[in-house]
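This report refers to the structure that appears directly beneath it.
So that the names make sense, note that chain A is the first sequence line, chain B the second, and so on, each numbered from 1.
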2 protein chains.
Amino acid sequence: MRADAQRNRERLIEVAHEVFKERGLDAPLDEVARRAGVGPGTLYRHFPTREALHEAIMATWIEEVAGQVEKAMATEGGCREKLLAWFEEYVALLTRHQGAAAKITASLGCQDSPLRTKCQTYADANESVLAEMADHGVLREGVDNLDVCRLLGGVATMADHSSLAPEDVRPMLDVIANGVLKA
Amino acid sequence: MRADAQRNRERLIEVAHEVFKERGLDAPLDEVARRAGVGPGTLYRHFPTREALHEAIMATWIEEVAGQVEKAMATEGGCREKLLAWFEEYVALLTRHQGAAAKITASLGCQDSPLRTKCQTYADANESVLAEMADHGVLREGVDNLDVCRLLGGVATMADHSSLAPEDVRPMLDVIANGVLKA
DNA sequence: CAATTAAGCGGAGCATGTCTCCGTTTCACT
DNA sequence: AGTGAAACGGAGACATGCTCCGCTTAATTG
């Protein structure tokens, strides 16, 4: 790739990050181009679809997921506290950008989504936490990872749409934890 | 109201019902006007915002909610089966139109949403079911109606976005039921 | 049954946003 | 420096939301 193309690409990702943070994932793409000081054509050449740009943005914070699992698992207390710490982190990661939770979770099931690798990272992370719970014998029988991911995605989406504070999200996560752990 | 205005209003609601069913709640409003054989101006006079039209549409099926509560409570089996029957009905009602679940659930908390009366109907219905569970002594302490509604709304939203079949939704509702009922 | 009038109609048209096409510029290599 | 291809950028076609205002028509009244 030519040096100027590389520069533009990086600048676009950087600017898109800001714009999406400010105005949500549905922000006008021409605005991204304008602020990056390039024409719309340049933006669309680098990122043919809105999703392609989303994917590029998310690549930066997907890297944090593994670390957050470890952090949550280091929480003081029993399995329930660890699980809830992870659930809170999961929701927090998904709600970093307005609109992201719904999109990422929607692509959980489908193989051909451009966001597939991203949501897979989340699913894998959650699976590892559930496996830990199973090892400690506290996981209910028949609890499926995909279902839990969708439930958490649903909570995150509701939190996003209603601008819920963490203390409003917590009781929902409590219910899910109760449903996932043995009594 | 003049007779022709009345006629147009009814026709618009009827057509909007079709269009929203086919293309989701974000379908072009001009398409609704076109199919109804009126100008866009007429549509926007009757329904100044998209939400106003949504509200009018939903008024028709909001009437079914109370009946569905009774139907679910008449399900054979114990409290768990009744609760799950209601949860399934709740999700089915919310996913009748693409995009509806997210919008209705988002307006649960806020007082000034045009959809307030609609989502209140759902919240009241769910509250009555939870009250029934409490009467039978099977409801966990500290389970809040609003949280359960949001969880169900989240499930419905995920079902909507991923076009999930009822059998894919059921396990998520199982987890919520486990979290809501005493062990 | 005209005549009157205001409620209602409808579409031209502006605003915003997406995305493409293609003439022009710039980089990289010789 | 010269050359060719890669990259640029912006005009503009197209889609959608929404408004304004001149025209039509239903309802009322003498």
Rounded to whole Å, CZ of B:Arg9 lies from C1' of C:dA7 at a distance of 15 Å
Per nearest nucleotide of DNA chain D, the residue lying toward the 5' end, A:His46 or B:Glu31, is A:His46
Self-check item: Presence of salt bridge, A:Lys82 and A:Glu76, under 4.0 angstrom
Solution: no
Rounded to whole Å, CZ of B:Arg34 lies from P of D:dT16 at a distance of 10 Å
### Message
Does A:Glu70 have more than 12 heavy atoms from other residues, nucleotides or ligands lying within 6.0 Å of its CD?
### Response
no
Rounded to whole Å, the CZ-C1' distance (A:Arg23 to C:dT16) equals 11 Å
Distance check: side-chain N/O of B:Asn8 vs OP1/OP2 of C:dG8, anything under 4.0 Å?
-> no
Whole-Å distance, A:Phe47 CZ to D:dG9 P, equals 14 Å
Using the 3.5 Å cut-off, write out each protein N or O paired with an N or O of nucleotides 18-21 of chain D and the distance between them.
| from | atom 1 | to | atom 2 | distance (Å) |
| --- | --- | --- | --- | --- |
| D:dC18 | N4 | B:Asp30 | OD2 | 3.3 |

Original post:
In terms of side-chain geometry, is the basic nitrogen of B:Lys103 or B:Glu55 positioned less than 4.0 Å from the acidic oxygen of its partner?
Top reply: no
| Would you call A:Glu31-A:Arg34 a salt bridge at under 4.0 Å N-O? | yes
5'-most contact on DNA chain C (nearest-nucleotide basis), A:Ala27 vs A:Arg7, goes to A:Ala27
Check ion pair B:Arg80-B:Asp174 (N to O, under 4.0 angstrom): yes
- Query: Would you say the side-chain atoms of B:Asp160 pair up with the backbone N or O of B:Thr95, donor to acceptor, closer than 3.5 Å?
  - Reply: no
Determine whether A:Leu146 and A:Leu152 fall in the same hydrophobic cluster, where Ile, Leu, Val, Met, Phe, Trp and Tyr are linked whenever their side-chain heavy atoms lie under 4.5 Å apart. no
- Message: Between B:Glu64 and B:Lys71 (salt bridge meaning N to carboxylate O under 4.0 Å), is one present in this structure?
- Response: no
note: B:Leu12, atom CG; C:dG8, atom P; distance rounded to Å ~ 14 Å
A:Leu43 CG to C:dG17 P, in whole Å, measures 15 Å
Taken to the nearest whole Å, CZ/A:Arg35 to C1'/C:dG17 is 16 Å
Give me, pair by pair, the N or O atoms of the protein and of nucleotides 27-30 of chain D that are less than 3.5 Å apart, along with how far apart they are.
| from | atom 1 | to | atom 2 | distance (Å) |
| --- | --- | --- | --- | --- |
| D:dA27 | OP1 | B:Ala3 | N | 2.9 |

Looking at A:Glu18 and A:Arg23, is there a salt bridge between them, counting it only when a charged N and a carboxylate O are closer than 4.0 Å? no
